[in-house]
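Everything on this sheet refers to the single structure shown next.
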4 protein chains.
Amino acid sequence: MEFHSQQAIFLQIANLLTDGILEKKWAAEERIPSVREMATSIEVNPNTVMRAYTFLQDQEIILNKRGIGFFVATDATVRVIELKRQEFITQEIPRLARTLKLLNLSLEDVRKLINQTEG
Amino acid sequence: MEFHSQQAIFLQIANLLTDGILEKKWAAEERIPSVREMATSIEVNPNTVMRAYTFLQDQEIILNKRGIGFFVATDATVRVIELKRQEFITQEIPRLARTLKLLNLSLEDVRKLINQTEG
Amino acid sequence: MEFHSQQAIFLQIANLLTDGILEKKWAAEERIPSVREMATSIEVNPNTVMRAYTFLQDQEIILNKRGIGFFVATDATVRVIELKRQEFITQEIPRLARTLKLLNLSLEDVRKLINQTEG
Amino acid sequence: MEFHSQQAIFLQIANLLTDGILEKKWAAEERIPSVREMATSIEVNPNTVMRAYTFLQDQEIILNKRGIGFFVATDATVRVIELKRQEFITQEIPRLARTLKLLNLSLEDVRKLINQTEG
DNA sequence: GTGGTCTAGACCACC
DNA sequence: GTGGTCTAGACCACA
């Protein structure tokens with residue numbers, strides 16, 4: 001597993017999980033890989049995985065059953081979407097608006113750039 | 001002056017300057033505030049301001065005349081635009097594409113969100 | 001059955017039993033539910049129930065008749081009260097004293113809070 | 001510095017700080033000892049201190065200025081009192097009420113026990 | 001100097 | 001087996 005260095009690894013792991021939840025890779029109330037399993041599978045220290053899990057647990061996206069493991073919260077999808085949406089609106093949108101203005105680009109230009117990137 | 005903790009302060013200062021250049025707050029070849037002036041006015045360690053200036057100097061957006069001060073480069077505007085454009089294409093666009101997909105949003109939704117933010 | 005995660009589940013089960021004994025839910029020398037019965041009824045691993053039973057057996061609050069089951073000890077009530085009293089004096093009282101001092105509350109305030117909770 | 005083993009050390013450190021704030025040991029907006037200073041003074045690993053600080057930062061009781069240190073939040077006292085008060089009401093009071101009932105003790109008995117402990 | 005992150009490895013209570 | 005905590009030590013970006 002490859003990580004980029006711009007963002008803390010534990011946050012990248014957290015995103016891995018939230019994205020997986022949105023993509024229904026893990027259903028609600030389903031058990032996710034144990035800290036140790038995840039750590040070996042992505043070749044990272046268990047402490048780092050633990051930090052990602054704790055981070056998500058604080059946001060009630062996953063929860064822990066003592067001695068059994070971590071589970072996707074019942075309303076995890078809703079929470080994740082709400083969280084990402086908030087981040088998008090408060091951080092991405094203002095930055096985007098500002099950049100478009102500064103660079104004098106239209107949303108049509110953005111559409112083209114996105115297509116180029118994906119193509 | 002308030003800084004958010006998500007990004008290095010020296011980068012926030014650099015943005016302050018590049019935005020000012022695009023907004024013609026400082027014209028080409030004009031002198032910008034000295035490191036010390038800037039440091040006291042925004043209440044930041046002079047080393048941090050120096051780092052921002054050096055960062056912009058490396059990209060030839062500002063240049064230093066020894067013993068006199070820092071000046072906006074002749075073609076600063078062009079360079080800034082190019083810099084921001086590169087950042088936009090390599091970082092903003094991929095992130096935007098991914099978020100739109102995950103949250104199932106269209107560019108039309110983005111247009112509305114931008115208008116809401118500005119309105 | 002819901003457990004909070006702040007305390008070990010086996011201790012929560014033990015409290016369930018001691019409270020039941022004080023409330024005369026099970027009389028002295030009466031048989032309490034088997035480990036398996038208890039485990040299925042409260043949806044917990046049998047090992048965990050066993051640990052709670054062993055814990056109480058060590059304090060001679062319940063006792064085991066091989067092949068028959070666990071029984072409330074003859075003087076269980078006395079022992080439970082003594083146990084809880086000890087815990088109360090050594091743990092609850094010091095914590096209470098400290099909190100009252102920090103929050104600048106009187107015992108009269110405590111009386112009101114208790115009444116509110118119950119009312 | 002002595003810690004008891006019933007509670008995680010990082011939580012005991014956090015309490016050390018919140019108690020210190022209530023006792024005006026550190027005023028609002030004042031800098032608290034750096035992670036390393038605290039670590040050496042109480043003879044604990046810096047990571048453990050870091051965890052306590054992060055824990056308090058999450059609750060906006062202390063805040064961090066990049067490269068400078070941690071500072072007591074402006075409204076830290078209010079937050080701490082509210083936090084402790086909530087804990088007291090939701091956790092201590094119900095437990096106390098239950099224990100008093102089970103042990104058939106009055107608040108007058110509690111008063112005596114507190115005095116004995118302190119005396 | 002400051003915090004922030006990560007690794008490696010250990011020990012523990014608990015299920 | 002599970003998570004939870006702690007230590008030791010390292011490296012990094014930043015002020």
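In what follows, chains are A, B, ... by sequence order, proteins preceding strands, each numbered from 1.
- At a threshold of 4.0 angstrom between heavy atoms, the contacts of A:E37 are confined to the sugar-phosphate backbone, with no base atom among them.
- Checking E:dC15, F:dG4, E:dC14 against the side-chain heavy atoms of C:R51 singles out E:dC14 as nearest.
- The side chain of D:R36 sits closest to E:dG3 out of F:dA15, E:dG3, E:dT7.
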Please tabulate, for the side chains in residues 46-62 of chain C, all donor-acceptor contacts under 3.5 angstrom to protein atoms that are two or more places apart in sequence or on a different chain.
| residue | atom | partner | partner atom | Å |
| --- | --- | --- | --- | --- |
| C:Y53 | OH | C:P33 | O | 2.7 |
| C:T54 | OG1 | C:M50 | O | 2.7 |
| C:Q59 | NE2 | C:F55 | O | 3.2 |

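- Screening B:K84, B:R79, B:Q86 against B:E82 for a side-chain hydrogen bond (donor to acceptor under 3.5 Å, both in side chains) leaves a single residue, B:Q86.
- When rounded to the nearest whole Å, the span between CD1 of D:I32 and C1' of E:dG3 equals 12 Å.
- Set against F:dG3, E:dT5, E:dC15, the side chain of C:N45 has E:dC15 as its closest nucleotide.
- Heavy-atom neighbours of C:R31 CZ from other residues, nucleotides or ligands within 6.0 Å: above the threshold of 12.
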Reading 5' to 3' and counting Watson-Crick or G-U wobble pairs with both distances under 3.5 Å, write the dot-bracket notation for DNA chain E, | for bases paired outside the strand. ||||||||||||||.
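- The side chain of D:V44 has F:dT7 as its nearest neighbour among F:dA15, F:dT7, E:dT5.
- Computed from coordinates, the A:Q6 CD to F:dC14 P distance equals 12 Å when rounded to whole Å.
- More than 12 heavy atoms of other residues, nucleotides or ligands sit less than 6.0 Å from atom CZ of D:R95.
- Which of F:dG4, F:dT5, F:dA15 sits closest to the side chain of A:N47 comes down to F:dT5.
- Side-chain N/O atoms of A:T48 include one lying less than 4.0 angstrom from OP1 or OP2 on E:dT7.
- Side-chain atoms of B:Q7 do not come within 3.5 Å of backbone N or O of B:Q12 as any donor-acceptor pair.
- Here the C1' atom of nucleotide E:dC15 and the CD atom of C:Q12 are 13 Å apart, to the nearest Å.
- Here the nucleotide nearest the side chain of B:F10, chosen from F:dA15, E:dG3, F:dC6, is F:dA15.
- What separates CZ of A:R31 from P of F:dG3 is a distance of 6 Å, to the nearest Å.
- Relative to the side chain of D:N64, the nucleotides F:dG3, E:dT7, E:dG3 differ in distance, and E:dG3 lies closest.
- Two residues, D:L11 and B:L11, neighbour DNA chain F, and the one matched to the more 5' nucleotide by heavy-atom proximity is D:L11.
- A:Y53 comes within 4.0 angstrom of no nucleic acid atom, judged by non-hydrogen atoms across all strands.
- Within 6.0 Å of CZ in B:R85 there are 12 or fewer heavy atoms belonging to other residues, nucleotides or ligands.
- F:dG4 atom C1' lies 14 Å from atom CG of A:D58, rounded to whole Å.
- One atom, CD1 of B:I9, and another, C1' of E:dG3, lie 12 Å apart when rounded to the nearest Å.
- Contact annotation: the side chain of B:K25 never approaches that of B:D19 to less than 4.5 Å [non-hydrogen atoms, C-beta and beyond].
- In this structure, A:L63 atom CG and F:dG3 atom C1' are separated by 14 Å, rounded to whole Å.
- For the pair D:V44/D:F10, no side-chain contact is recorded, criterion being any heavy-atom separation below 4.5 Å from C-beta on.
- Computed from coordinates, the D:M50 CE to F:dG9 P distance equals 19 Å when rounded to whole Å.
- In terms of phosphate contacts, D:R66 brings a side-chain nitrogen or oxygen within less than 4.0 Å of OP1 or OP2 of F:dA15.
- Residue whose closest nucleotide on DNA chain E sits further toward the 5' end, between C:A8 and A:E43: A:E43.
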